There are 2 protein chains.
Amino acid sequence: MNCPVRHVLDRFGDKWSVLILIMLDEKGTLRFNALHHTIPDISQKMLTVTLRTLEADGLITRKIYPEIPPRVEYQLTEMGSSLIPYIDGLAKWALQNMPHILRSRDQYNNKVAFN
Amino acid sequence: MNCPVRHVLDRFGDKWSVLILIMLDEKGTLRFNALHHTIPDISQKMLTVTLRTLEADGLITRKIYPEIPPRVEYQLTEMGSSLIPYIDGLAKWALQNMPHILRSRDQYNNKVAFN
DNA sequence: CGGAATCCGCGTAGATACTG
DNA sequence: CAGTATCTACGCGGATTCCG
């Protein structure tokens, strides 16, 4: 039961963590609002919460510039970067297979509906 | 926003789907109760629900033998099997990095607690 | 044996308002 | 600009009971 897959799902199965890592990989360093613009449909609260968790886990860094107005920059750590290829692998798989899945799901639902 | 990663997370971010796929890959064909024994801490309901969804999506097959007592066997489809390597990739990463993550998290929490 | 049906608690996450 | 604080609701998933 201490299967590593459990850990992956417990940690990254949430709605936003992986997405934020992807964006930081794509764009490099990002400020809070810039990050928010790349993921418009996340709430401010969830963005903050998820960023703090990612920071706590050592997957991203949070650099605060003591200016006014304040500036905070987020960036992948080495460990965070090392996860990206595996996520990209999954994304590639999804790109190829998601259409099949959706069609299969529709067929299944129609079949059930007619019984 | 139609990022493939979103699809992956929406579909496999749930608590049990990926785990069931792993088990079916490891053990090959499995009956309902056999599968339940390999994942003891899933409820009967969630096992059923998750299996149905995986079947609907074309990731596993569900073969019913009209016997008494009934027998139902679950098995990966080709598409289901094709996902396994990518999950294994993530698992490998987790095995290497999860300890770091947990230690980092502890340190972070202690730091916060002392402020 | 392999489910279906129902009820319900809890946690995640959204909305809103406020702040250094 | 980059958050915090609070309140709330929705739905996932657990427990239980019953069935062919």
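Source: prediction; values computed, not measured. Lettering follows sequence order; numbering is per chain, from 1.
Looking only at distances, no side-chain donor or acceptor of Thr29(A) sits under 3.5 Å from a matching main-chain atom of Glu73(A). Proximity of a side-chain donor or acceptor of Ser17(A) to a complementary backbone N or O of Gly13(A) within less than 3.5 Å is not detected. Without hydrogens or angle criteria, Asn109(B) side chain to Arg105(B) main chain gives a donor-acceptor distance under 3.5 Å. The backbone N or O of Ile101(A) lies less than 3.5 Å from no partner atom in the side chain of Ser104(A), so there is not a single donor-acceptor pair.
Annotation: the terminal axes of the helix from dC1(C)-dG20(D) to dG20(C)-dC1(D) meet at 50°, where each axis is the rotation carrying the C1' atoms of four end pairs onto the next four (5 pairs per end, rounded to 10°).
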Q.
Protein within reach of the bases, or only the backbone? For nucleotides 2-17 of chain C, mark each nucleotide 5' to 3' as B, S or -, using heavy atoms under 4.0 Å.
A. SBB-BB-----BBB--
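Heavy-atom minimum distance, Pro4(A) versus Ala91(B): CB-O, 3.7 Å.
Every side-chain contact (heavy atoms from CB on, under 4.5 Å) that Glu67(A) has, sequence neighbours left out, goes to Tyr65(A), Arg71(A).
We find that CD of Glu67(A) is positioned 10 Å from P of dA2(D), with the value rounded to whole Å. Taking atom CG on Leu30(B) and atom P on dC1(C), their separation rounds to 15 Å, with Å as the unit. Separating the CD1 atom of Ile39(B) from the P atom of dG14(D) is a distance of 12 Å, rounded to the nearest angstrom.
Distance check: Arg11(A) CZ to Asn97(B) CG gives 12.5 Å after rounding to the nearest 0.5 Å.
Of the options Lys27(A), Arg62(A), Arg31(A), Lys63(A), a side chain to side chain donor-acceptor pair (under 3.5 Å) to Tyr74(A) is made by Arg62(A) and by none of the others.
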